[in-house]
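Have a look at the structure below before the remarks.
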There are 2 protein chains.
Amino acid sequence: MSNLAGSIELYIRRLLDASPNAAICLQRRELAEHFACVPSQINYVLSTRFTLERGYLVESRRGGGGYLRIRRLDLNRDKVLQLLEMRQSLAGQNLSLQKATDFVHRLVEARLVTRREGLLMKAVISFEQQKRDDVLEIFRGVMLSRMIEVLLHET
Amino acid sequence: MSNLAGSIELYIRRLLDASPNAAICLQRRELAEHFACVPSQINYVLSTRFTLERGYLVESRRGGGGYLRIRRLDLNRDKVLQLLEMRQSLAGQNLSLQKATDFVHRLVEARLVTRREGLLMKAVISFEQQKRDDVLEIFRGVMLSRMIEVLLHET
DNA sequence: CCCTCTTTGACCTTCGCTGACCATATCACT
DNA sequence: AGTGATATGGTCAGCGAAGGTCAAAGAGGG
């Protein structure tokens with residue numbers, strides 16, 4: 001990780017791994033000092049890396065004795081039910097690319113789908129704006145092609 | 001190689017040869033500086049020389065700490081070859097549902113994808129004619145939803 | 001001369017990082 | 001209890017540093 005945000009993310013993940021209940025509590029100011037950066041950098045990391053879509057929960061408190069509490073949510077129980085719920089929450093929604101990708105990422109993290117399967121899914125959802133109108137006509141081929149491309153990435 | 005693109009291609013290939021795992025990570029700007037050319041020249045080289053068809057894989061990231069990651073696939077491995085061929089065979093084609101499904105079936109039979117993965121793929125390709133124009137807008141959510149449904153049937 | 005491949009530069013998008021300014025909790029003193 | 005000081009954390013706009021895209025100009029070979 002050559003950039004700060006990456007280092008901080010790694011650091012926090014390490015802490016979470018080391019924690020018995022996948023939950024840690026720390027201070028923004030301290031963390032910022034540790035990495036010699038402005039405190040708001042911590043917020044940047046939290047809001048880009050430790051989102052709900054990725055399966056994290058962040059609580060905080062201001063003022064004297066303030067803190068950040070970061071928890072990694074456990075998806076392993078009642079997988080089917082949770083999948084169903086997720087599916088409900090997705091149905092008909094107009095997902096942003098970012099959210100969709102994070103979601104797949106989370107599925108993989110939770111081991112609900114394999115890495116390959118996650119990649120397949122991302123291949124399908126991460127198409128960019130296609131201006132052409134006839135896109136749908138050739139869509140099948142394009143999507144298949146993309147999915148195979150994903151498998152190639154696997155080697 | 002008297003032209004720039006050729007030199008850059010050679011340079012990158014040398015780096016790949018020297019790399020133990022046939023993968024390198026570099027910066028577009030740096031490389032461009034090294035060859036005293038505009039950065040976009042690098043993109044030209046990558047998009048004409050290091051394509052999937054030629055057995056290369058290029059990933060990248062923007063912003064501070066951005067990079068280009070170039071990998072050479074091991075073309076001797078049967079699976080990669082098969083995948084490449086199969087992918088080639090449907091380039092630009094306008095597949096019927098039947099053909100597309102058969103195709104996935106072959107992938108599974110050839111053990112190139114697991115049964116689960118095959119199901120994922122079928123879920124994506126087997127949508128019926130959608131005449132609506134706004135389909136693309138909700139497409140992401142719908143597709144994700146369908147793929148999760150498949151996984152549910154699996155569990 | 002024409003066609004294809006190269007090269008370039010203008011303009012765009014994404015990501016990381018910072019600092020000014022805001023909100024809220026605790027504490028100390030009256 | 002009230003109130004101001006102190007100590008946290010939160011938000012947001014903006015800058016700078018990558019890489020991406022595209023169209024037009026240039027170069028070379030038939």
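Residue numbers begin at 1 in each chain, while the letters A, B, ... track the order of the sequences.
Distance, B/L26 CG to D/dA18 P: 14 Å, rounded to whole Å. Atom CD1 of A/I8 and atom P of C/dC17 are 7 Å apart (whole Å). Taking atom CD of residue B/E33 and atom P of nucleotide D/dA18, one finds them 9 Å apart after rounding to whole Å. Atom CG in B/L31 sits roughly 14 Å away from atom P in D/dA18 (whole-Å rounding). When the P atom of C/dT6 is taken as reference, atom CD1 of B/I42 falls 14 Å away, rounded to whole Å. Between B/L68 atom CG and C/dT14 atom P the separation is 17 Å, expressed in whole Å. We find that CD of A/E9 is positioned 13 Å from P of C/dC15, with the value rounded to whole Å. Going from atom CG of B/L4 over to atom P of C/dC5 covers 17 Å, rounded to whole Å.
In this structure, A/L73 and A/L52 have side chains that are in contact, with non-hydrogen atoms separated by less than 4.5 Å. Using a 4.5 Å cut-off on side-chain heavy atoms (C-beta onward), A/T114 and A/V108 make no contact. Counting heavy atoms from C-beta on, the side chains of A/F50 and A/R13 come closer than 4.5 Å.
For B/R29, taking side-chain heavy atoms from C-beta onward, the closest of the listed nucleotides D/dG9, D/dA18, C/dC17 is D/dA18. The A/Y44 side chain lies nearest to C/dC15 when the options are C/dT7, C/dC15, D/dG20. Here the nucleotide nearest the side chain of A/N43, chosen from D/dG10, C/dC17, D/dG9, is D/dG10. Residue A/Q27 has its side chain nearest to D/dT8 when only C/dC17, D/dG19, D/dT8 are considered.
Residues A/R49 and A/G6 approach most closely at NH2-N, 4.0 Å, considering heavy atoms. A pairwise comparison of heavy atoms in A/N21 and A/S19 identifies OD1-OG, 2.9 Å as the closest pair.
Of the possible donor and acceptor atoms, none in the side chain of A/T51 sits under 3.5 Å from a partner among the backbone N and O of A/T48.
The phosphate of C/dC5 has neither OP1 nor OP2 within less than 4.0 Å of any side-chain N or O from B/R49. In this model, the phosphate group of C/dC5 is not approached by any side-chain N or O of B/T48 to a distance below 4.0 Å at OP1 or OP2.
Below the 3.5 angstrom threshold, one finds a donor paired with an acceptor across the side chain of A/R28 and the base of D/dG10.
Under a hydrophobic-cluster definition in which Ile, Leu, Val, Met, Phe, Trp and Tyr are linked whenever side-chain heavy atoms come within less than 4.5 Å, directly or via other members, A/V38 and A/L26 are assigned to different clusters.
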With the sugar-phosphate defined as primed atoms, P, OP1 and OP2, and the base as all remaining atoms, what B/S/- string results for nucleotides 19-30 of chain C, 5' to 3', for protein heavy atoms under 4.0 Å?
B---BBBS----
